[in-house]
Amino acid sequence: MTALSIVDLVYRWPRQQAACLDIPRFEIAAGEHVFLHGPSGGGKSTLLGLLGGVAVPERGSIALLGGDITRLAGHARDRFRADHIGFIFQQFNLLPWLSALDNVLLPCTFSTRRRQRAGDAHAAATRLLTHLDLAPASWHKPAAELSVGQQQRVAAARALIGRPEILIADEPTSALDAPRQQIFIDLLLAEATAAGAALLFVSHDERLAAHFSRKIALADINRAAAVEP
Amino acid sequence: MPSLFFSAALIAALALLPVAHAAKGHAHGEGRLDVAIGKEQIVLSLELPLDAAIGFERAPKNDKEKALLAAAAATLNDAAALFLPTPAASCTLHSVQIDMPQFDGGAHADIAANYTFRCANPAALKSIETTLFRSFKRLYRIEVQRVSPAGQGAARLSPKQSVLSW
Amino acid sequence: MRAVLILAVKSAWARRLTLSVTLCAIALASALLFAVERVRHDARQSFTQAVSGVDLVVGARSGGVQLMLHAVFHSGSATHNIRWESFEAIATHPAVDWAVPLVLGDSHRGFPVLGTPPDYFRHFQYSDQRPLAFAAGQAFADIFETVLGSAVAAELKLDVGDRIALTHGMAEAGPGHDDKPFTVVGVLAPTGTPVDRGVHVSLESISAIHLDWAGGAPLPGLAIPAEFVRKFDLQPKEITALLIGLKNRADVFRLQRHINSYRGEPLMAVMPGVALDELWQTLGMVEQTLLAMSALVVVIGLAGLLATMLAGLNERRRELAILRALGASPRDLFLMLTAEGLLITTLGVAFGLGLLAVGTFFFAPLLQAHFGIILQWRLFAPNEWLLLAAILATGLVASLIPGARAWRMSLADGLTPRN
């Protein structure tokens with residue numbers, strides 16, 4: 001089974017002539033870890049929005065876990081995202097007024113499925129935080145008081161809780177210095193493997209590709225030349 | 001403190017009240033109605049400037065004016081159509097007495113009318129509607145004084161507010 | 001959706017400092033609005049109760065409202081007195097049940113003195129036919145005896161057996177009647193009407209203290225000691241006003257016409273309930289203006305809420321994007337913002353009502369003492385429910401705007417906010 005399968009995808013920004021994305025074919029197998037290289041402004045955010053279901057393409061299909069999400073209604077796409085996808089962004093991933101632990105638990109309040117798959121949600125969260133090397137002393141601190149590195153690890157734990165089948169990480173390491181990037185990617189990959197999740201890791205920094213079994217450039221799969229506005 | 005401010009304004013307004021307010025004179029177009037609600041009966045005393053009823057305040061000069069005066073008297077006599085107490089009170093007209101002006105040379109002339117209704121169920125009496133404004137187009141206001149076993153009150157009726165309720 | 005609402009509360013708590021300023025503004029504004037409405041309502045109630053037992057007030061011709069205010073509320077002054085013979089002529093009219101003459105004009109430390117026969121305590125009724133009652137002592141039976149209203153006794157800490165001196169006129173430091181002190185023989189139970197502020201003495205007492213006076217000042221070289229006053233005829237020649245109760249209330253118009261056309265001297269009979277309604281008609285504009293101004297203050301408070309929330313929305317753009325990535329729909333975010341606004345409004349109004357209760361507690365005695373307005377401890381009157389609904393509805397409308405903006409923002413931003 002594929003985790004993600006894009007066929008004939010075309011997306012155009014409103015009031016724009018040229019297409020921003022034109023992807024004939026792109027697939028990620030279940031549990032596969034893929035590095036997607038793309039400079040900023042190359043339609044990357046747009047692609048992630050489409051995968052997350054907050055935007056719909058002009059044509060083509062986006063099958064996630066076998067189902068075409070472009071055919072779902074808005075609220076069903078929101079539901080699907082909550083149930084099956086974990087996101088990690090560049091920075092400011094957390095609600096600053098919640099503790100690290102409560103931030104990790106958030107997906108379980110939005111998705112019954114992830115709460116059930118997490119089992120004892122609280123135990124799952126502390127286990128993930130421990131695995132991601134976050135000291136218990138910082139679990140109950142407001143997220144705003146954590147360092148950037150700590151925040152990114154909390155974000156990873158949140159993306160992983162309840163074992164979603166798909167992880168999407170958008171430049172998750174660009175706010176970190178080089179040694180920490182290394183450590184973060186290692187931890188992320190280990191946890192993704194443990195959870196059996198497919199990982200789409202998007203970055204402009206090709207040096208990070210070394211960690212991944214498959215590396216693809218967005219420019220290679222996207223026929224559209226237009227840049228994001 | 002807002003309530004103090006309010007009270008201060010209230011007291012100031014009391015001081016500014018015009019003395020003339022209570023001493024009501026005769027005003028064209030403005031009628032007066034005293035409503036006395038007793039245990040079983042309502043007595044209505046109406047004072048209507050002749051001008052409001054027929055458009056002039058002197059002895060009629062010709063047949064047309066005489067006819068106008070007679071028509072006004074007839075309208076005022078038809079009390080059951082003029083005053084409509086709360087239907088549930090089951091009030092019926094008991095007596096009507098109309099005093100047409102004598103034209104004794106004064107500048108003003110009023111029609112005085114007294115109506116008595118008897119009510120089978122006075123407890124249900126909550127309002128009286130009047131059709132005076134429909135019959136007399138020049139009438140624009142009626143100052144009402146009301147007394148009932150429950151207390152006294154004043155009200156102002158107009159073509160837009162032709163129901164007296166308490 | 002429940003998750004979103006819980007997050008809304010937590011998020012609001014995180015911004016409690018900013019929001020509490022807005023909340024205070026709403027609380028103060030709604031307290032003001034409710035206070036104005038309550039004073040307006042209760043003023044009418046109190047005034048109506050004060051006059052409810054009197055069918056007619058008779059005095060010299062002046063304004064009906066002035067006469068009623070002077071005779072019942074002892075505010076203002078009378079232009080002329082009426083003759084004793086007129087009182088006797090009216091009191092014997094067959095429709096009259098009781099007639100009580102009043103002489104006003106003196107005071108004791110700012111409290112008005114009422115010269116009246118002891119019948120007054122028997123006949124005067126207030127709020128739904130409740131008679132006056134004595135908290136201590138009894139009615140005066142002799143000259144130089146006085147019965148105090150409850151507020152007079154309480155404020156001046158006087159009791160039966162104490163002695164007081166009256167002052168000529170209403171000024172606290174007017175020329176005195178110190179040479180003829182009065183003994184307190186009775187204290188009335190509280191009524192919530194101007195009676196509470198009255199110092200009641202007999203008509204003869206009033207005559208007695210003015211024997212050696214003329215034209216509002218003591219006669220030079222003449223001083224009649226208190227023990228000699230009984231040698232004089234103390235029957236008053238003139239009275240200030242006359243309160244009348246009727247055997248049949250419906251006869252009021254007949255007697256009113258009779259008195260207004262009385263041939264002995266120009267008199268005027270006023271129906272106090274009617275005069276009060278006329279007073280409210282005159283004050284209607286003032287009331288409406290005050291209410292409108294207070295309503296405007298509430299609107300300004302809610303506009304502040306709107307401004308605070310809209311300003312905060314830009315800072316929370318990232319927060320909304322995070323919730324979106326977690327699976328929140330635009331509708332959830334709309335609900336979250338709207339709920340927050342409504343929460344602040346509701347809490348604000350609740351605090352406002354608390355303020356009103358505290359304010360009532362502290363200021364009600366003042367209002368009662370100075371204006372005879374009794375603020376009621378009670379649940380909402382229908383009008384107040386209406387006000388409450390109006391405030392909440394306005395708050396809802398104000399909250400829908402940031403809600404709608406959050407909705408649109410989340411659609412435009414998707415998962416990555418553009419700032």
Side-chain angles (χ1 to χ4, degrees), chain A residues 14 40 44-56 73-99 102-115 142-144 155 158-159 161-162 164 168 170-171 228-229, chain C residues 1-20 308-309 311-337 339-340 343-344 403-419:
Chain A
S40 41
K44 210 174 54 177
S45 301
T46 310
L47 177 61
L48 297 187
L50 289 168
L51 294 179
V54 296
V56 278
H75 65 91
R77 293 198 304 272
D78 293 332
R79 180 87 275 128
F80 186 92
R81 178 169 70 251
D83 285 344
H84 303 286
I85 308 178
F87 277 100
I88 310 167
F89 296 104
Q90 187 171 346
Q91 55 178 338
F92 308 120
N93 275 292
L94 309 180
L95 298 182
W97 32 269
L98 282 183
S99 72
D102 285 339
N103 262 291
V104 175
L105 288 168
L106 273 176
C108 297
T109 64
F110 276 93
S111 161
T112 317
R113 181 172 189 272
R114 285 181 63 178
R115 184 167 61 242
R158 188 179 64 195
I161 198 165
I168 296 178
D170 180 13
E171 304 273 12
E228 274 179 302
Chain C
M1 182 181 133
R2 199 170 139 258
V4 172
L5 292 184
I6 291 169
L7 280 178
V9 174
K10 286 185 177 169
S11 167
W13 180 248
R15 286 169 289 119
R16 58 191 173 277
L17 200 68
T18 324
L19 291 180
S20 63
T308 307
M309 288 189 64
L313 206 50
N314 264 330
E315 295 161 28
R316 296 169 70 194
R317 211 160 171 160
R318 209 162 274 284
E319 178 181 325
L320 298 181
I322 293 165
L323 294 174
R324 197 84 171 91
L326 289 168
S329 63
R331 200 191 60 134
D332 287 334
L333 302 182
F334 167 78
L335 272 177
M336 179 170 159
L337 270 286
E340 178 180 315
L343 177 77
I344 305 290
R405 200 163 153 64
W407 179 314
R408 278 188 25 219
M409 227 152 143
S410 69
L411 281 180
D413 285 358
L415 303 174
T416 41
R418 254 162 269 283
N419 63 348

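Quick note on labels: first sequence line is chain A, next is B, and so on, each numbered from 1.
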- For residues C/Ile322 and A/Phe87, determine if any side-chain heavy atom of one lies less than 4.5 Å from a side-chain heavy atom of the other.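 No, their side chains stay 4.5 Å or more apart.
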
- Is there a side-chain contact between C/Glu319 and A/Trp97 (heavy atoms, below 4.5 Å)?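 Counting from C-beta outward, C/Glu319 and A/Trp97 do come under 4.5 Å.
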
- Item | Under 4.5 Å from a heavy atom of chain C, the part of A/Leu98 involved |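 Only the side chain of A/Leu98 comes within 4.5 Å of chain C.
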
- Which bit of A/Leu48 comes within less than 4.5 Å of chain C, counting heavy atoms only: side chain, backbone, both or neither?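 When you check distances to chain C, only backbone atoms of A/Leu48 fall under 4.5 Å.
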
- Message: At a 4.5 Å cut-off on heavy atoms, which part of C/Ser11 comes close to chain A: side chain, backbone, both, or neither?
- Response: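 Both parts, backbone and side chain.
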
- Query: What part of C/Arg324 is in contact with chain A, defined as an atom under 4.5 angstrom from a non-hydrogen atom: side chain, backbone, both or neither?
  - Reply: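 Contact with chain A: backbone and side chain both.
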
- Test item: A/Arg158 side-chain N/O and C/Leu326 main-chain N/O as donor-acceptor pair under 3.5 Å: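 Here the side-chain-to-backbone pair does not exist.
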
- Could you have a look at A/Asp83, A/Asp170, A/Asn93 and say which one has the most heavy-atom pairs with chain C under 4.5 angstrom?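 When all of A/Asp83, A/Asp170, A/Asn93 are compared, A/Asn93 has the most.
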
- Just give me the residue among A/Asp102, A/Leu94, A/Thr109, A/Val54 that pairs up with chain C most often, heavy atom to heavy atom, under 4.5 Å.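 The candidate making the most pairs under 4.5 Å is A/Val54.
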
- Message: Looking at every non-hydrogen atom in both residues, tell me the closest pair between C/Gly327 and A/Phe110 and how far apart they are.
- Response: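 Scanning both residues completely, I find the closest heavy atoms to be C-CD2, 4.3 Å.
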
- Take atom CZ of C/Arg405 as the centre, draw a 6.0 Å sphere, and report whether it contains more than 12 heavy atoms from other residues, nucleotides or ligands.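 Not buried by this count: 12 neighbours or fewer within 6.0 Å.
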
